[in-house]
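The structure under discussion appears below in the form of structure tokens.
In what follows, every heavy atom counts, from backbone to side chain, and hydrogens, waters and symmetry copies are set aside. Chain naming here is simple, since letters A, B, ... match the order of the sequence lines and numbering starts at 1 in each.
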Number of protein chains: 2
Amino acid sequence: MKRTTIIDIAEALGVTPSTVSRALAGNSRVSEQTRDRVREKALELGYQPNVVAAALRRGKSDTVGMVVPRINRHFFSHVISAVEEVLNPAGFNLLICQSHEKADLEKLAVQVLLKNRVAGIILSHALETVDFGVFDAAARERVPVVQFDRVHTAVAGPRIINDNFSGAYLAVKHLIKSGYKRIAHLTGSLSVNVYQERYRGYKYALEEAGLPIDTGVMENSITRETGYESTLSLLQQTRFDAMFCAGDFAAIGAMQALHDKGLSVPSAMGIVGFANEPFSDFISPRLSTVEQNAHDMGHLTAKALIRAINGKGPLEADWEEVVPVRLLVRDSSMRSEAVAY
Amino acid sequence: MKRTTIIDIAEALGVTPSTVSRALAGNSRVSEQTRDRVREKALELGYQPNVVAAALRRGKSDTVGMVVPRINRHFFSHVISAVEEVLNPAGFNLLICQSHEKADLEKLAVQVLLKNRVAGIILSHALETVDFGVFDAAARERVPVVQFDRVHTAVAGPRIINDNFSGAYLAVKHLIKSGYKRIAHLTGSLSVNVYQERYRGYKYALEEAGLPIDTGVMENSITRETGYESTLSLLQQTRFDAMFCAGDFAAIGAMQALHDKGLSVPSAMGIVGFANEPFSDFISPRLSTVEQNAHDMGHLTAKALIRAINGKGPLEADWEEVVPVRLLVRDSSMRSEAVAY
DNA sequence: GTTATTTGTGCAAACGTTTGTATTTTTGTT
DNA sequence: AACAAAAATACAAACGTTTGCACAAATAAC
């Protein structure tokens, strides 16, 4: 069956398509009366606007593209939901792509979005990404880009980031307060802003307390598996009584390694993770961690994009916004008394 | 800066846009030579096809819409990834929407997708959904719909489902084999196919073994919180020595309730969950569960949709495909010896 | 009562493709 | 060399909106 168009409505009412278009858009140049007649007829005929045609004519769609490393990460999926919460009421809908942490897939996703003439792009980089050429294309085509969490200054536009420095600082400071003295660090790639900042916070807390910062830092130890392996080799290389892990998955792996070696948490070893993955609350011992505010981040990101789309000028185009994080103290970092390892 | 179109390429080469279009599409009616010249020039000018215009002209886009209750569920996010794996190479891209388990949001999402003239829709219903009117609109507009996991026969088109019956049957049979005799059941809404089938498998296993089926079944106990509450009230109402939970979150809640009541798992109480959530493997005791094959499900779903889009007729339009599940026996359901409760 | 202003509508072009049909050019046949 | 067939390209309409401009009718200003 043929879909009804504004032309059908126009013919049924004896007006022109342009009037119908304006009526449906709520344009004040069409009288209240015909506006109602049009709306009524549209409902009657079950009219569904063809946004594709509108997008072509306007040169811009009401679709926003979003590229994340993976949608099944607690943090990212919650940011997505929060972004939706803002974008949908504003009349936009979301086209979600995954980069699977691959730079080439990220690039491809951005190209697909540009081909689809999206109104804007929200993005968090893959770990690998080093070439930011595609984003020049976006800038050239006047498609605003807002980065969140994993951001890079090479890309123009607003950046919404977590307060990774403070989160790490608070976590390590808390470990120190709990009586731990030699604190190791499991982190991701230090070429990523997120891990750089967490590392900086870690170092700062140690320096402030006058503790050694050479206790052991393992890069690229962010998954459960690498966390497990890195912990085992750290145990051989150096002595430490606590670990600050830049991610909860790494913390889980570390705890498993410690368990296998007969070291109990938190008495022999204190642990703090990062991200508050859903499981962190009901493993044993319950994992202390740093909670990121995915909800606020999503809201801020979406709002920044909407502002950019509405062209509030390139004045405020390039700035950074920091979302506070929160330390959740649970069992894995609480010992009644400091015990030398 | 103005974006390059096929018209620009045509003018630069002294041919017409139609020739350029056909050249880029690899149409055999244009000579090899000009095809190469066009491709070269397109590359040189940095041409990016405007898929919006193409979609308008063809009356159909290369975007596929997908509606899921939530993207942050382990199962759904993995199905999405698997769907992507098939759809992207086939030249489609995914527009993902969340219904947040609300029937009205699901309806809205489908309408948005239809307005966007998607090539097809992949969908798993919200728990609430009872009115399937929107899907008639989809059928009328010849937009194929493929349902997965949470399906309903009121909607036309292929349905890809998990073998919930067998999963439940295997789980309960395993509990029985382990020596448990009185097995309770925590389930979701029995108006959803998924939970209906799991319930059926549960009952069948009990009947087969000649065990009582009146041990206690609690509906709407599928979250961690409701699982916790339901277990507590079950403990007051009736006697049982094992639980089959229709979801891992419920199982976690149950384990917590049992722990609070001083009942140890698996010695005093056996537990099997469903879905193999990522945490199930590293809680203590490790949770036995039924693993669903999200990957295969996604692949089959995407392939079914592609077949439907390519119009392999309404002959095979309405059928059901069952994806096998697998019982994962871990610690929560293994006791060396049956102990009467 | 004439002219200026406002208000409501129509006309037509444009957005960038795709595609059926017509036309030209090339190739093949006799 | 003449003609048919095939191959390559051109022409033009269409997809369903939006929107600048023109125009008519109604209202306001003098």
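By the ring-ring contact (aromatic ring centres under 6.0 Å, His included) test, His100(B) is found to be paired with no residue, residues two or more places apart in sequence or in another chain being considered. Among residues two or more places apart in sequence or in another chain, the side-chain hydrogen bond (donor to acceptor under 3.5 Å, both in side chains) test is passed with His74(A) by His78(A). With sequence neighbours excluded, no residue forms a ring-ring contact (aromatic ring centres under 6.0 Å, His included) with Phe92(A). Among residues two or more places apart in sequence or in another chain, the side-chain hydrogen bond (donor to acceptor under 3.5 Å, both in side chains) test is passed with Ser77(B) by none. Tyr47(B) pairs by the ring-ring contact (aromatic ring centres under 6.0 Å, His included) definition with nothing, not counting sequence neighbours. Under the salt bridge (charged side-chain N to carboxylate O under 4.0 Å, His left out) criterion, Lys41(B) pairs with Glu44(B), sequence neighbours left out.
Taking five base pairs at each end of the helix from dG1(C)-dC30(D) to dT30(C)-dA1(D) and finding the rotation axis that steps the C1' atoms of four pairs onto the next four gives two axes whose angle is 40°, to the nearest 10°.
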Could you list the donor-acceptor pairs under 3.5 angstrom formed between side-chain atoms of residues 8-16 of chain B and any protein atom two or more places apart in sequence or on another chain?
residue  : atom : partner  : partner atom : Å
Asp8(B)  : OD2  : Thr5(B)  : N            : 2.8
Thr16(B) : OG1  : Ser18(B) : OG           : 3.0
Thr16(B) : OG1  : Thr19(B) : OG1          : 3.2

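By the 4.5 Å heavy-atom criterion applied to side chains, Asp149(A) and Val79(A) are not counted as neighbours. The shortest side-chain heavy-atom distance between Met66(B) and Phe148(B) falls under the 4.5 Å cut-off.
Contacts classified as salt bridge (charged side-chain N to carboxylate O under 4.0 Å, His left out) and involving residues 15-40 of chain B (residues at least two apart or in different chains) are not found.
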Completion exercise
Counting primed atoms, P, OP1 and OP2 as sugar-phosphate and everything else as base, the B/S/- map of nucleotides 6-12 of chain D against protein heavy atoms under 4.0 Å is --BBBBB
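Remark: the His125(A) side chain and the Glu106(A) side chain contain an N/O donor-acceptor pair separated by less than 3.5 Å.
Near DNA chain D, meaning a heavy atom under 4.0 Å away, the residues from residues 44-58 of chain B are Leu56(B), Arg57(B).
On the nucleic acid side, DNA chain C contacts chain B at distances under 4.0 Å to non-hydrogen atoms, with the end points of that region at dG16(C) to dA22(C).
A distance-only check finds no donor-acceptor pair linking the side chain of Glu320(A) to the backbone of Arg159(A) [under 3.5 Å].
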